[in-house]
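In what follows, a structure is listed as structure tokens, so that the remarks can point back to it.
As the structure is a prediction and not an experimental result, all values here were calculated from the model.
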Amino acid sequence: MIRLLVIAGLALVLACGGTLAAKLDLAAVNQAQFSEGAPKGVDPMVLRAQILLDRARFSPGLIDGRLSDNFSKGVAAFQAANGLPSDGKLTRETWDKLAATFAGPVLTNYEVTAKDVRGPFTRRIPARMERMARLKRLGYRNAREKLAERFHVSEQLLRLLNPKAGFRKADTTLVVPDVGRGDPPAAVASVEVDKGARQVRALDASGKALAVYPASIGSEEKPAPSGTAEVKRVVHNPTYRYNPKFAFKGVKSKRPFTIAKGPNNPVGSVWIDLSIESYGIHGTPDPGKIGTTYSHGCIRLTNWDAEDLAAMVKPGTKVDFKDETAQDGQVQ
């Protein structure tokens with residue numbers, strides 16, 4: 001009897017898994033329409049909305065097909081920019097406006113190249129910074145992580161979209177989001193860092209948001225600055241220099257050290273250096289934590305959002321820090 005129950009349970013799991021996979025095929029997501037209610041789990045409608053927000057530069061952060069605070073903030077920012085009530089809820093009116101931003105399919109096919117799978121990869125990355133400093137490069141751990149970041153998705157979602165793929169061979173065809181944002185806007189006059197909302201906004205001269213990104217901003221240990229700064233320079237593929245005066249929790253070294261370049265470097269794939277010493281806007285090796293944790297003082301975005309912002313700013317671009325209200329969170 002127990003064996004029969006186990007078999008029945010496995011059958012149910014497989015059936016649910018099959019249903020989930022069917023819901024996430026190209027047609028189901030590309031043709032997803034608005035429906036009332038709060039979807040649970042990975043949902044085709046939410047996935048399509050996330051991709052559309054990402055393309056429109058109202059970033060939901062990591063695309064995973066699930067409802068989240070970052071998704072709600074992206075919806076609210078899109079609503080505000082389009083004259084809609086900005087409550088962060090995906091209403092039919094918001095859906096119609098969002099769907100009108102891009103008429104093409106949000107999921108597409110991608111053929112894996114030899115470069116995608118060749119690396120070089122850094123298969124084991126230690127958690128402690130002192131040990132990271134021993135590595136020659138902080139690269140992607142494998143091709144799956146590299147491809148997931150390229151298409152702004154969680155590795156879990158990439159696997160759900162491609163349940164039979166091994167992510168190790170060139171010429172494999174994958175189902176991925178079309179996250180082409182097009183050329184960055186040329187009219188960025190300033191950047192706003194909103195500590196309370198945990199967002200970074202690129203604004204035009206009138207204060208209109210041209211791009212909005214979820215962010216991890218400062219901590220009690222090392223709070224983000226206040227007032228106004230300027231962009232000094234943009235450094236792509238930066239190294240990370242640790243100064244013992246920071247006294248970060250978990251770092252025992254009393255001597256400075258440098259961590260090598262790479263997307264899994266503590267500051268990710270790009271560093272936007274600010275006129276306030278030791279502060280910058282930068283990427284991250286952990287895109288899933290953006291907006292849900294605090295940072296070591298700086299302003300942390302997903303690598304792809306940081307790179308997008310870096311293409312818009314230049315030396316002298318003003319960066320305004322908007323002070324926060326009380327927030328719940330944890331130090332990252």
Would you call Phe321 and Ile217 a side-chain contact if the rule is heavy atoms closer than 4.5 Å? no
What do the steps show when you test Arg300 against Lys289 for side-chain contact (heavy atoms from CB on, under 4.5 Å), and what is the final call? CA-CA 10 Å; Arg300 184 183 299 162; Lys289 294 182 179 180; over 6 Å; no
Sub-3.5 Å donor-acceptor pair from the side chain of Gln79 to the main-chain atoms of Thr94, do we have one? no
Donor-acceptor check, side chain of Ser59 to backbone of Gly61, threshold 3.5 angstrom: yes or no? yes
State, to 0.1 Å, how close Arg255 and Tyr242 come at their nearest heavy-atom pair, and which atoms those are. O-CD2, 4.5 Å
Ignoring hydrogens, what is the shortest heavy-atom contact between Gly74 and Leu53? Give both atom names and the distance. O-CD2, 3.7 Å
Roughly how far, to the nearest 0.5 Å, is CG of Leu84 from OG1 of Thr91? 6.5 Å
Pairing residues for Glu93 by the salt bridge (charged side-chain N to carboxylate O under 4.0 Å, His left out) criterion, not counting sequence neighbours: none
May I ask you to decide if Pro287's main-chain N or O and Thr284's side chain share a donor-acceptor pair within less than 3.5 Å? no
With sequence neighbours left out, the residues meeting salt bridge (charged side-chain N to carboxylate O under 4.0 Å, His left out) with Arg66 are none
List in chain and number order the residues that pass ring-ring contact (aromatic ring centres under 6.0 Å, His included) with Phe58, two or more places apart in sequence or in another chain; answer none if no residue qualifies. Phe78
Other residues, nucleotides, ligands: >12 heavy atoms within 6.0 Å of Arg241 CZ: yes
Below 3.5 Å, can you tabulate the donor-acceptor pairs from side chains in residues 29-40 to any protein atom, sequence neighbours excluded?
from, atom 1, to, atom 2, distance (Å)
Asn30, OD1, Val106, N, 2.9
Asn30, OD1, Leu107, N, 2.7
Asn30, ND2, Leu26, O, 3.2
Asn30, ND2, Leu107, O, 3.2
Gln33, NE2, Gln31, O, 3.3

Please give me the minimum heavy-atom distance between Leu309 and Ala202, naming the atom from each residue. CD1-CB, 4.2 Å
Compare every heavy atom of Pro263 with every heavy atom of Gly139, then report the nearest pair and how far apart it is. CA-CD, 3.9 Å
Measuring from atom OG1 of Thr239 to atom CG of Leu138, what distance do you get when rounded to the nearest 0.5 angstrom? 10.5 Å
Side chains of residues 224-235: which donor-acceptor partners sit under 3.5 Å, not counting sequence neighbours?
from, atom 1, to, atom 2, distance (Å)
Ser226, OG, Lys195, NZ, 3.0
Ser226, OG, Asp323, OD1, 2.8
Thr228, OG1, Asp320, OD1, 3.0
Arg233, NE, Asp273, OD2, 3.4

ring-ring contact (aromatic ring centres under 6.0 Å, His included) against Phe102, all qualifying residues, sequence neighbours excluded: none
Glu145: what forms a side chain to side chain donor-acceptor pair (under 3.5 Å) with it, not counting sequence neighbours? Arg141, Asn264
Could you tell me whether Asp69 and Arg198 make a salt bridge, using a distance below 4.0 angstrom between a side-chain N and a carboxylate O? no
Please round to the nearest 0.5 Å and tell me the distance separating atom CG of Leu210 and atom CG of Asp204. 5.0 Å
Residues in side chain to side chain contact (heavy atoms under 4.5 Å, CB included) contact with Arg159, at least two apart in sequence or another chain: Arg144, Glu155, Gln156, Phe167
Heavy-atom check, side chain of Pro177 versus side chain of His152, under 4.5 Å: no
Honestly curious: do Leu203 and Val200 fall in one hydrophobic cluster under the side-chain, below-4.5 Å linking rule? no
Take Leu24 and Leu157 through the side-chain contact (heavy atoms from CB on, under 4.5 Å) test and state the conclusion after the steps. CA-CA 9 Å; Leu24 289 181; Leu157 180 63; 4.3 Å; yes
Flag yes if Trp271 and Phe257 sit in one hydrophobic cluster, no otherwise; membership is Ile, Leu, Val, Met, Phe, Trp, Tyr, and two members link when side-chain heavy atoms are under 4.5 Å apart. yes
With salt bridge (Lys or Arg N to Asp or Glu O under 4.0 Å) as the rule and sequence neighbours excluded, what pairs involving residues 170-183 come up? Asp54-Arg181, Arg55-Asp178, Arg181-Asp305, Arg181-Asp308
NZ (Lys146) with more than 12 external heavy atoms under 6.0 Å: yes
OG of Ser216 to NE2 of His282: how many Å apart, nearest 0.5 Å? 9.0 Å
Pair Val153-Val176, side-chain contact (heavy atoms from CB on, under 4.5 Å): steps then yes or no: CA-CA 9 Å; Val153 299; Val176 299; over 6 Å; no
Working to the nearest 0.5 angstrom, can you tell me the gap between Trp304 CH2 and Ile63 CD1? 7.5 Å
If only atom types and distance count, is the side chain of Asn265 paired as donor or acceptor with the main-chain N or O of Gly262 below 3.5 Å? no
Taking all atoms of both residues into account, what is the closest heavy-atom pair of Asp64 and Ser154, and its distance? CB-OG, 3.9 Å
Is there side-chain contact between Ile259 and Met129, with heavy atoms separated by less than 4.5 Å? yes
How far apart are the closest heavy atoms of Leu135 and Ala260, and which atoms are they? O-CB, 3.6 Å
My understanding is that only residues two or more places apart in sequence, or in another chain, count here; which of them pass salt bridge (charged side-chain N to carboxylate O under 4.0 Å, His left out) with Arg131? none
Could you list the residues that satisfy ring-ring contact (aromatic ring centres under 6.0 Å, His included) with Tyr110, not counting sequence neighbours? Phe151
Within one Ile-Leu-Val-Met-Phe-Trp-Tyr cluster: Met132 and Phe121, side-chain cutoff 4.5 Å: no
Please list, chain by chain and in numerical order, all residues satisfying side chain to side chain donor-acceptor pair (under 3.5 Å) with Glu149, sequence neighbours excluded. Tyr140, Asn303
Measuring from Leu62:CG to Ile290:CD1, what's the distance to the nearest 0.5 Å? 10.0 Å
side-chain contact (heavy atoms from CB on, under 4.5 Å) between Asp116 and Arg150: does it pass, once the steps are laid out? CA-CA 10 Å; Asp116 291 328; Arg150 176 172 181 171; 3.5 Å; yes
Can you tell me if Ser68 and Asn70 form a side-chain donor-acceptor pair at under 3.5 Å? no
Flag side-chain contact, heavy atom, 4.5 Å: Pro285 against Pro266: no
Distance-only, no hydrogens or angles: does the Asp194 side chain make a donor-acceptor pair with backbone N or O of Ala197 under 3.5 Å? yes
